[in-house]
Amino acid sequence: MEERRQTIEYKFLRQNTHHPVPKKRFTFAIYLGLFHLAFMVLMGFFTKYNLGDGVSAGKNGSNLYAMFMDVHSMMFIGFGFLMTFLKRYGYGAVGLNFIIAAYVLEWSILIRGWLEAGIHGESDFTLDVKSLLVADFCAAAVLISFGAVIGKASLSQLIIMATFEVVIQGVNELIGLHYLKAYDVGESIYVHIFGAYFGLAVSKVLQGTKEIESTKESSHYHSDLFAMIGTIFLFLYWPSFNSAVAVDEGQTRAIVNTFLAITASCISTFIISLLVGKGRLNMVHIQNATLAGGVAVGAVADMQIEPFGAMIIGTVAGILSTLGFQFLTPRLNESFVHDTCGVNNLHGMPGLLSGIASAIVAATATRDKYNGNRLYTFYPSRVPSLNSTEFANLSLDATDFANGGLGRTAVMQGGYQLAAIGVTLAMAIIGGIITGYIMKLPIIEQIEDIEEMFDDEPNWLTPEDYSLKLTEVRVQSREGDEEMQEKRMLSTST
Amino acid sequence: MEERRQTIEYKFLRQNTHHPVPKKRFTFAIYLGLFHLAFMVLMGFFTKYNLGDGVSAGKNGSNLYAMFMDVHSMMFIGFGFLMTFLKRYGYGAVGLNFIIAAYVLEWSILIRGWLEAGIHGESDFTLDVKSLLVADFCAAAVLISFGAVIGKASLSQLIIMATFEVVIQGVNELIGLHYLKAYDVGESIYVHIFGAYFGLAVSKVLQGTKEIESTKESSHYHSDLFAMIGTIFLFLYWPSFNSAVAVDEGQTRAIVNTFLAITASCISTFIISLLVGKGRLNMVHIQNATLAGGVAVGAVADMQIEPFGAMIIGTVAGILSTLGFQFLTPRLNESFVHDTCGVNNLHGMPGLLSGIASAIVAATATRDKYNGNRLYTFYPSRVPSLNSTEFANLSLDATDFANGGLGRTAVMQGGYQLAAIGVTLAMAIIGGIITGYIMKLPIIEQIEDIEEMFDDEPNWLTPEDYSLKLTEVRVQSREGDEEMQEKRMLSTST
Amino acid sequence: MEERRQTIEYKFLRQNTHHPVPKKRFTFAIYLGLFHLAFMVLMGFFTKYNLGDGVSAGKNGSNLYAMFMDVHSMMFIGFGFLMTFLKRYGYGAVGLNFIIAAYVLEWSILIRGWLEAGIHGESDFTLDVKSLLVADFCAAAVLISFGAVIGKASLSQLIIMATFEVVIQGVNELIGLHYLKAYDVGESIYVHIFGAYFGLAVSKVLQGTKEIESTKESSHYHSDLFAMIGTIFLFLYWPSFNSAVAVDEGQTRAIVNTFLAITASCISTFIISLLVGKGRLNMVHIQNATLAGGVAVGAVADMQIEPFGAMIIGTVAGILSTLGFQFLTPRLNESFVHDTCGVNNLHGMPGLLSGIASAIVAATATRDKYNGNRLYTFYPSRVPSLNSTEFANLSLDATDFANGGLGRTAVMQGGYQLAAIGVTLAMAIIGGIITGYIMKLPIIEQIEDIEEMFDDEPNWLTPEDYSLKLTEVRVQSREGDEEMQEKRMLSTST
């Protein structure tokens, strides 16, 4: 062990800098109140309870509420604490995550309700546990986007982003599921890809051409431990996320596959992190890339990919994600597109991997593999058309497939899965750019000064220990006769 | 950004002050052991397992165990961590919460068992998942009271408080449910109102006329993050708290309504916090008032209040609670009644709001609204009396309503809901005052010195970093030619 | 209050000591990758999904997935955070716990699958929620052993340990359950006893005769609060751990008994901690011994021990465990066998207590007590042999007991329970010693230097606030005229 004894002299910067609160923030609070008021009125006009099935709204209903609770935890504990790694943005991570998620839950219940009602030609819709679960899925997309811009967007901007993203994400998922009929049980395409690239597009617009570099964009020892609370809860409940809407034996497959894939990505992340970290593990990788398997298996979680298939997908996702965090993000951050939490690595690329896997699985799915007609619960478009001879020969369950299908082949279905990725990427990026420019409108509070980024002080009343920051350390070392001086700028919160 | 570079000189106070341990604490440990021994003996005499229904004791049984676990988490993680916001009472928050909750679980199983057995004219009772759930509800009342006195009462006093409160709370709930027949599915009246005002009465008696003001009664950056763990878990699982004992379609309503109300209170809290905080969010509000919707919807959670009704209740609760934290508590704390966690704002006032809502809902409840006879599962007293003509016309399910009811009208039922609030307030306040005076008996350890309040050192062995506290900072600032000195007293734990 | 005002002068040691990374660590990363690759290939050859029962694989299936999730949380949140009490090994606690658990889940799915298949003369096996649950039980054993060696073993050594322990633990459980037919619903014998003594044997071999004493083997204020997250989650979900595989009314008993036992151990721990701590509570006790009741009731959790019996077991376990932490561990640590987390106190001794209880319960179990033939679901060996007259008289359910049993008496069954303890101890200790020597092979990375123990720096990239450690404090006190100087070595992380 090499050690040098040092005498150290401190300088502190009392950063009770009283960032002045812009007037726009108050205006915004009023707006937020009006939005919320509008939501209440709209709920009053358009929704009532769905009491038909009691708590158990799904076919596999007995577990639906418990699984919903797992997913609900992922939104508030998982995402909220995952982002507390930022040493001076802990309140913002868990607190802003809290308000964004709450806002999105209300808004997406309306949007999803309307979209669903619209398809069925109805004007109002009902609420049950399933509705709340769907709202949580929608929240996931927005919270992923939040991960791309956290620390750089004002609360006002974040709510604007959420408002638009909920609509665009909902429309995109409608296109994918109901028009393209591309299957995605774990929402890897409609939530992960969408959320990541929407967020990155917004981030790019906010950033413009300026460089974002701040010493505050790093962790402290304890902030990393807080972040691990988020990581572990996401890891634990991911099987519920991917299997909550799966049915029958597909649900067992979704649980087993997600468990295996995310476990495999944990292992491959540790290996790669050790290798690229020159023998030392990197908390950023462990907090994030370990979860990539959950994303990557999402779109195929309830399919017959076999346990080893799930493990391969998870392993590749962990490798890809860790390499992304290590090599890709630092380069992109400097100049091109700043990605605070590295959502491209945890949600973007693994989501694309999952989408591609879903195309391959779809293109090779046969009636034999899926217990005959059960195949059509995943791919209803593969039901032969109503007046075809194949249809007549199949003796299909009248209630579900009475009107026949589109008669797609396996390869066609694979193509539609790819089409869903393409449409999602387009909607996310274009939607994100437009939303980003709206967020930059001068009537909305902006964060321009790098000193205000990644810092809770502008948004929160902070306690005494927050503003007392060690910023300069003068080190006097003695090695033999030699006396050396070193000055180092620090920024520690405690 | 306005910044001043400063040179700072420290003085530290090593507060290894060795508060002497009073002998009464040892005596008390013996008493606690004797109580616990007595509980075991009593359990031996009075209880056996209820094995009739297996794990699923309720009508909606398949979820009962999972919902119980959610509620159980709220007691130990939720309440325990919520109170860790105190920078120097983190061990006390999570640790004393732990022992109080454990003690109450044992004691309330007995008390609730006896009360229940007494009603049915039996002498012993059985245990199942439902019993454990009921014990957790009782623990909630005591932990709310704990929130009012945390940091100011000795461990001995807390156990004394728990011992009496369990009995009084149990008797009050018995009066409310079985004699007044006032319905309260989410325990807003019997747990939240009771717990809050019982605790405040105890707090007032302990305080007497002295002022309680301590620099230790505040948070640190990381202690606030620990507290958010509690907040988020309470937020997440509140739907389970309010719906666990609801039945049939009432359970779906309870879940949906609680979800919407607590989400709405989260949003209204953020808005009001921003406005009253002059543009900055206040962690105290976010940690507490965001949850007020869960309390406020409790007594009507499974009723036909419609989604927008739940949102209105939650919104109002969030506003009320935030304003309470901002304007009411600071004034009350100074001189009148000190409320460490502000339980009046989170449990007291929102509980009253819920009680009033329950009276309005009851007074307007019709057979049409509740699917005919289903109305009587909520308000059995509204069943017509046995020999009335209405009774004969109703063709009621023989097993449940064979003996007829009290023939209450809707408005009468509303009156009884208000009566339950009145009785609860009276029992809580009088019970709390008596309990407070018992807690002040000289044989019981008191905390007199303000220096021993809100501090873990008197009760716990503390680690080295706890006793090293920065207490004085001499600041030398230079602005132009001018040199200024400023001395500031601090109290930071790390 | 006795206070002395002091002026304090600091010296800091910047311990950016750059422990050199040994080459073996890289080699090991490759090995870990190869293991993982092998697991994938083997999964491909030997397993497919068990889709027969959907999510609900057990008789009491509706809760199985939710209970599995509770157990899963105990492994990653519970064990992971429990060990974060070490002030400079928080990353290691939650991070290495993460990789070890993930690795064990994969490996034990294979091992348990093969063992199970072997018994039934089959060559491959299927996966469902039950398989994942069993893998989590196996992980518990390894994580308990990890508790004995945490901070003293390299990542490579830990993976080696896990690799061997999974096999030996699996074989031991097979012997116990299938050959000795000793019943242990909560795995107190096969997981807790095994894990503790396997880990202690490994620890002893690693330690050899050297003394292990480090100032880093202690907590900070906030590291103790992180640890309480682990404690509380273990406390909450222990009823699920002990009841997950119980059936019918046995599951209700397992839930109630575990709830009562662990609550009782919480209370007795607080009492004893207060007494032995000279009036102050000790966080080490509260974090650990409070849970001893969950271990101690494990092997008899679903038996007719009556609620007060569960409470007695829990109470004794809490006392035993607290006394162990207070008096036994400090002595053993110095010279004989170092036990970082005190697993002997939380898992070893309470496990033995549970095993002995299981022998007594078995030796006194009658058909009357267990609803007639239901007795045989616990003790199938007590079914009379096929051609005995007793067998003919019993009119047993043909499917379960068609082949008759071993005709054991109650006392014989009690003896076999004791035999299972003996075999488990032997397998654990011998297996641990052999594994320990394998871990000491020179090709595997060792931690020799006490300075590298209980420290995250050798394994992890650490943030700036980690390496800035206050190590020396010069205290100038003034009492009256007298000026005193005191120098104290510290090691604080923040």
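Chain identifiers are assigned alphabetically (A, B, ...) following the order of the sequence lines, protein sequences preceding nucleic acid strands; residue numbering begins at 1 within each chain. In this text, all values refer to a predicted model and were calculated from it rather than measured experimentally.
Side-chain contact between C:V94 and A:T231: absent, with no pair of heavy atoms (C-beta onward) separated by less than 4.5 Å. Proximity of C:Y49 to A:I305: side-chain heavy atoms (C-beta onward) are separated by under 4.5 Å at one or more points. The shortest side-chain heavy-atom distance between A:L281 and C:L461 does not fall under the 4.5 Å cut-off. Here the side chains of C:L155 and A:L274 are in contact, with some heavy-atom distance below 4.5 Å. The closest side-chain heavy-atom distance from C:E106 to A:M311 is below 4.5 Å. The shortest distance between side-chain heavy atoms of C:W460 and A:I286 falls below 4.5 Å. The closest side-chain heavy-atom distance from A:M283 to C:P463 is not below 4.5 Å.
For A:T290, the part lying under 4.5 angstrom from a heavy atom of chain C is the side chain only. The parts of A:I229 that come within reach of chain C are both its backbone and its side chain, each placing non-hydrogen atoms under 4.5 angstrom from that chain. Heavy-atom distances place no part of C:Y31 under 4.5 Å from chain A, backbone and side chain included. With a 4.5 angstrom heavy-atom cutoff, C:P458 touches chain A only via backbone atoms. Looking at C:L42, there are no atoms closer than 4.5 Å to chain A (heavy atoms on both sides), in backbone or side chain. Both the backbone and the side chain of A:A264 have a heavy atom closer than 4.5 Å to some heavy atom of chain C. When heavy atoms are compared at a cutoff of 4.5 Å, C:T462 does not approach chain A at all. Looking at C:F226, the atoms closer than 4.5 Å to chain A (heavy atoms on both sides) all sit in the side chain, from C-beta outward. For chain A, no part of C:L37 is nearby; none of its heavy atoms comes within less than 4.5 Å. For C:I99, the parts lying under 4.5 angstrom from a heavy atom of chain A are both the backbone and the side chain. With a threshold of 4.5 angstrom between heavy atoms, C:M40 approaches chain A through its backbone and through its side chain. Of the two parts of A:S218, neither the backbone nor the side chain holds a non-hydrogen atom closer than 4.5 Å to a non-hydrogen atom of chain C.
For C:F39, the ring-ring contact (aromatic ring centres under 6.0 Å, His included) partners two or more places apart in sequence, or in a different chain, are C:Y103, C:W107.
Counting only distance, with no hydrogens or angles, the side chain of C:D465 and the backbone of A:H220 share no donor-acceptor pair below 3.5 Å. Between the side chain of A:Y221 and the backbone N or O of C:G90, at least one donor-acceptor pair lies under 3.5 Å. In this structure, A:R280 contributes its side chain and C:V21 its backbone to no donor-acceptor pair below 3.5 Å.
The residue among C:I30, C:I109, C:L127, C:I77 with the most heavy atom pairs within less than 4.5 Å of chain A is C:I77. Between chain A and the options C:M75, C:M69, C:K48, heavy-atom pairs under 4.5 Å are most frequent for C:M69. When each of A:D70, A:I272, A:V256, A:I267 is checked for heavy-atom pairs under 4.5 Å with chain C, A:I267 comes out on top.
The local environment of NZ in A:K278 is sparse, with at most 12 non-hydrogen atoms from other residues, nucleotides or ligands closer than 6.0 Å.
Less than 6.0 angstrom separates the ring centroid of A:F233 from the ring centroid of C:F233. Taking the six-membered ring for Trp and the full ring otherwise, the centers of C:H72 and A:F259 sit less than 6.0 Å from each other.
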- request: For A:S268 and C:H36, run side chain to side chain donor-acceptor pair (under 3.5 Å): C-alpha distance rounded to whole Å, both residues' side-chain angles, the deciding distance at 0.1 Å, then the answer.
  value: CA-CA 8 Å; A:S268 66; C:H36 176 61; 5.6 Å; no
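Using a 30° and 60° split on the angle between ring planes, A:F235 and C:F98 fall in the perpendicular class, above 60°.
Summarising the geometry of C:T47 relative to A:P307, their closest heavy-atom pair is OG1-CG, 3.4 Å, with the distance given to 0.1 Å. Closest approach of C:R25 to A:G279, counting heavy atoms only: NH1-O, 2.7 Å. Minimum interatomic distance between A:S240 and C:Y65 (heavy atoms only, all atoms of both residues): OG-OH, 2.7 Å. Of all non-hydrogen atoms in A:T252 and C:N50, the two that sit nearest each other are CG2-O, 3.7 Å. Closest approach of A:Y237 and C:S73 over heavy atoms only: OH-OG, 3.9 Å.
Annotation: the span from A:M228 atom CE to C:F81 atom CZ amounts to 6.5 Å, rounded to 0.5 Å. Distance check, rounded to the nearest 0.5 Å: CE of C:M43 to CG of A:L260 gives 5.5 Å.
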